[in-house]
Each structure stands twice: as C-alpha cells, then as structure tokens.
There are 2 protein chains.
Amino acid sequence: MEKNTYFNIAAVERDTGVGKDTLRVWERRYGFPTPIRDVHGERLYSQMELEKLRLVQRLMNQGHRPGKLMALDMSALSLMLNVQDVSIENDAEIIAILKKHHTADLHRYLNNLLIEQGLARFVTESLANMNTQIGDAWMRGRLAIFEEHAYSEQVISLLRSAISQMGFEVVAPSVLLTTLPGEEHTLGGLMCEALLALNQVSCVNLGAQTPVVEINAAVRAHQADILCLSCSAAYPKNQLLQSLTELRNLLPESVHIWVGGQGVPRTKLPVGIKAIRAFTELAITLEAWRDK
Amino acid sequence: MEKNTYFNIAAVERDTGVGKDTLRVWERRYGFPTPIRDVHGERLYSQMELEKLRLVQRLMNQGHRPGKLMALDMSALSLMLNVQDVSIENDAEIIAILKKHHTADLHRYLNNLLIEQGLARFVTESLANMNTQIGDAWMRGRLAIFEEHAYSEQVISLLRSAISQMGFEVVAPSVLLTTLPGEEHTLGGLMCEALLALNQVSCVNLGAQTPVVEINAAVRAHQADILCLSCSAAYPKNQLLQSLTELRNLLPESVHIWVGGQGVPRTKLPVGIKAIRAFTELAITLEAWRDK
DNA sequence: TTTTATTTTTGTCCTAGACAAATGTTGACA
DNA sequence: TGTCAACATTTGTCTAGGACAAAAATAAAA
C-alpha cells in the first residue's frame, strides 16, 4: 500500500513516544527527521520517517546514542539490529506460538508448563527464560509490541490466578511489593509474589509506579518487614540509586529493602539495600531473613 | 503536611492531561495557574493549583469553557460540580476499609460482595460505584496514592481470577481489548472483560498503552470483530479523538470500535465509533451486534 | 582496577508570536 | 418561530531559537 499519508507532529509523538520538543531538536541538530511542511509551515512526517524513527528507538533501547544513529540510513540501522545475532534462524518455541495469535493455544501452552513443572520451577526457569527471549526478539524487531503485550497479559493472568488459588497459612515476614515511578513492568514483581507465596509469605502488592514518599507511607501503614522493588533493564540507573538512598533514609533500619530485576546495577548499591540478582536467590534471602 | 510539594510542568501534564503548551498559554491569557519558579525559572505548580486544574477539567468535560472557569475560585467550581452533596462528610464504606490497611479484610469485603451479588451486579453496581467514590476521594486528597493502588490491585486480582475460573463456551464476536498510549488504567477494561465473559465472549486483552498502529495490526492478526478501548477521565480529549479517527481510518468498516470509561466525551465522537457510557450498556450493545 | 573530574551529548524547558479549528453571536429570510 | 449563513471570539497547538541541567562518555588520578 503506497499510501501518501503524512502525520503531524502530535501523531508522531503518540505513535513513537518521542516528544515534540525532541523531534524538533533532532531536526535542528542532526537533520533527521526532515518532514515536509504543509501550507501553514507545519511539519508533516512521512511513513518512511516514522519507520526509521521506530528503528532508531529500538537501537536507543539497546544503548546506542541518537547522534550516531541519525546519520545512518535505514538499511544500516536494520543491519545493526541483527548483528551478533546467532539465534536468528531458530526462534524460541514461545515466539512461534505468539506469532500464531491464538490466545487459547498460548494459554494452554503456558498452563501445561505450569502444571508440569510446578509453580517454582515454572517461574524461576521457564518464565525467566521466556522473558529474556521475548525481550530479545522485541529488541530485534522480530516481535511486535502487541504480541509482547499479549504474552505479558497471559502470564500475568496465569500467575495471578495461581497465587489467588493458593491457600496457605501466612507467616512472617510481611512484604510490600511495588515498582518506582516510571517503571511500568509488573511482571517481575508478580513472579516474586508467586515465589514468596510458596514460602507462606503473603505480599501487599501495590502494582506499578508508587512515588517514593508513598512507598514510605505504605510500608509504615502496613507495618511491612520487607520492601521489595522490581525494576527492568531500561530503568535509568541514576534515578534508581537516588530513589533507593532516599528510601533507605526514610525507612527505619529494621525494614529490609530488596531490589530485583534486570535494572539492578552490578555495583554501587547504597548500604542497606539487598540486590536479588536471580529468582533463585529469593528463597535463600528469605531464609536468611527468617534466621534473623 | 506534604503541602510544600511542588510539581514541574511535565508532572502536571501527566496528572491532569492538560498539555504543556496549554498550561503556558492559560497562564499567559487567564492568569491561572500562576506557578512559582525554581532557581532556573522553571514552573513549579502547587498542590492547590493541581486540584483546581482537576476541577476545571471535569467542568470542561461537562461543556464549560476554560475562559469562564479560570476566573472562579475553588469553592465556586466545586459548587458547579455539585459533588459536595454525598461524600464530604460521610466517607463511603470502602474508603474506611482502605484506611485500615488490612489487605485480608479488604479482600474479604470485596469477595463477599462478589459472591453475594454475582459478577454482573458486582461489576455494574458495586465496582462502578466504588470507583467513582475512590476517584473522588483521591481528587480531594482524602486518599493516598498507595491506598488507591492497594484497592486497584485487589480488585484486579479478584476480577482476573473470577474470569479465569469461568468456564464457558466461546461464541462470536471476537473482541480485542486495550487502552491507548498514555492511559495506564486497566481496571475499566478488565470490568468490561468480565461482563463480556458472562455473555460467552472471550476477549484478547492487550493490557495498557498499545500504540495505534499496533492496535491496527493486533485487530487484524486476531481477526477481531470488535475493538474495545477504555479510557479514564484524565485522558486528553483531543488526543483521544485523534487516535479514534486514525483507528477508524486504518481498520475496515466491518470492525466495530467501542470506547468506554469516564474519558469518553459527550459529543463529537467520530462516525463509526460507539460510546459505551455505562457498564449496563455493554450487554445491550453486544446484543445489538449479534442481531447484526 | 576503581574512583573522581571534565567534557560532550541530549532532552526538556523557556518566551512570544501566529493561526486554524471550534464555538458563540448576529442577522437575514422563510 | 426556526434555520442557515456570515461574522466574531475563544482556544489549542504549532512555530523558532535560546538556554541549561541531567546523563553519558571520556580523561585523569588514585
């Protein structure tokens, strides 16, 4: 479809997530995108420019910087997305299933895995694995956003119903679970909740994006022993460290702070913050807490 | 006493849905809001200004024009909304329960309601009601963010497990459910999914924030008959309308588009878009679709 | 190697002007 | 009295560059 449709700057912001100010300053500095203008001098972006913007976005997520990317053309960009890609031929099984767009099949597949392996193994092995594969496929542009959404929703739904069906006697500690502002991904937290539930721990899950002062208030109101934060790779490292030190200062020392996810930096974590670097560590850390 | 917290212009845009350009031009023209400035001359909006902005927004949704509203003070504005009648003195029961910060109690309360009333009544009456009460309490600062989060999470969890436990024979139509970029609230969509499930409709739920072009691709991939969008009051009206017209152009006419939630404007919906103005309308609209 | 200081890059804010799209008002005419 | 066109006002969003802090990269020191 060789449609000559053009998009105004607001539409481009909606579709790509790149702000208007940023689009204008990119044009000024890097000479891309260079939209044509309508009769009133307003920018009109072409379909092609939109596509290139999406490529740029994906590469920026991988750590590349806009200044370098803008100079390249589309073919160079898509080449960059696929270099060092060993697994380009054999997609993971989960990707193939997602590509069929058959929700019932997907549900059945995940459910079977869960039943077969049990919740603990399902979370620590299968899910952890699939998540990285899907993150990878998405970065390479081999998986559409909506396909990733479909996966997340299905997993979340599965975990939630598993957790709520799990009757258990609640024992200490009391755990409060959430993510920091700007972090929308709740899947990691939910996986954490599932693993904790297997250890008779009942979480207060606040979902995503709770402001720091609110987290403080929530921990105190719920008299939580442990605050558990999850944070994905894209989360700004600096912001994370600042929030963590602020939280550490606000909360009494008796409250432990655990932080997990791909976004946890290797070094320089403030004192009094415990990094959970793999889901298998969770049970161990919990045991350590119980042994005081 | 967090009265001394201020918000930068980006935070105000996120919270109220009023764009940065609009905020600046309102200040220039009407003298409201008049934020103080930080050391670098950047705007800092007070809590009060935020509250007044939210009132203004609600009244604008009712058809009032900004020029008139800005001149009025808060008491005059809330008088126009005639909201003070119910909730100012006697908090709703749900608010009281939330304030106790006892998750098990909250869960029990909601669960009892669900069992007692059945899913349909629970969603269309109790939940719809509680949601507005909580939205109200939040706007007035009578409910902390973390308390609202705790409520949402609990309800979402409850609905999800109800839906997943509901075995039913799937019949047409095929419905795809999501929210537009910038709209994070998935509760409305989930309520919708629950009601549809009661009518043997199985939804493909993509969760929150699917870009317009991705929605188009998803509808086609899943061969959905109906696209169902939900959108809360704070969502920018203009952005909604533009996204809707874009979607209407992208999708074939045979695909119906339904949009529900507090954010649906009273007037000027593009042709080919069906507004669902109350949850009770959903079953009726569905019936109408089946009768072709 | 790790830590600290310096430079470059990059996103977001600023002002103030312009103008079209939406809405309100007026007046002519049936 | 109601309808429709013409005109007036209101309102949101665009424009251009300039400015500057936060983030990232690089260099220097421990």
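Applying the side chain to side chain contact (heavy atoms under 4.5 Å, CB included) rule to A:Glu51 yields the partners A:Gln47, A:Met74; only residues at least two apart in sequence or on another chain are considered. For the side chain to side chain donor-acceptor pair (under 3.5 Å) test, residues two or more places apart in sequence or in another chain that qualify with A:Arg220 are A:Asn216. Every residue two or more places apart in sequence or in another chain that forms a side chain to side chain contact (heavy atoms under 4.5 Å, CB included) with A:Ala144 is listed here: A:Phe146, A:Glu147, B:Glu214. With sequence neighbours left out, B:Glu183 forms a salt bridge (charged side-chain N to carboxylate O under 4.0 Å, His left out) with no residue at all. Every residue two or more places apart in sequence or in another chain that forms a side chain to side chain contact (heavy atoms under 4.5 Å, CB included) with B:Lys274 is listed here: B:Trp258, B:Ile276, B:Glu281, B:Thr285. Listed by chain and residue number, A:Asn129 satisfy the side chain to side chain contact (heavy atoms under 4.5 Å, CB included) test with A:Thr132 (two or more places apart in sequence, or in another chain).
For residues 52-66 of chain A, no residue pair satisfies the salt bridge (charged side-chain N to carboxylate O under 4.0 Å, His left out) rule, not counting sequence neighbours. Screening residues 240-254 of chain B for salt bridge (charged side-chain N to carboxylate O under 4.0 Å, His left out), with sequence neighbours left out, gives A:Arg14-B:Glu246.
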Let me check something: any side-chain donor-acceptor pairs from residues 32-42 of chain A under 3.5 Å, sequence neighbours excluded? List them with distances.
| residue | atom | partner | partner atom | Å |
| --- | --- | --- | --- | --- |
| A:Thr34 | OG1 | A:Gly31 | O | 2.7 |
| A:Arg37 | NH1 | A:Gly41 | O | 2.8 |
| A:Arg37 | NH2 | A:Glu27 | OE2 | 3.3 |
| A:Asp38 | OD1 | A:His40 | N | 2.9 |
| A:Asp38 | OD1 | A:Gly41 | N | 3.1 |
| A:Asp38 | OD1 | A:Glu42 | N | 2.8 |

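Running 5' to 3' along DNA chain D, contacts with non-hydrogen atoms of chain A at under 4.0 Å begin and end at D:dC14 to D:dA25.
Counting only heavy atoms from C-beta outward, the side chains of A:Met80 and A:Gln62 never approach each other to under 4.5 Å.
Closest-nucleotide positions on DNA chain D for B:Gln242 and A:Arg65 were compared, and the one nearer the 5' end corresponds to B:Gln242.
Fit an axis to the five pairs at each end of the helix from C:dT1-D:dA30 to C:dA30-D:dT1 and the two axes sit 30° apart, to the nearest 10 degrees.
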With B for base contact, S for sugar-phosphate-only contact and - for none (protein heavy atoms under 4.0 Å), nucleotides 11-20 of chain C reads BBBSBBBB-S
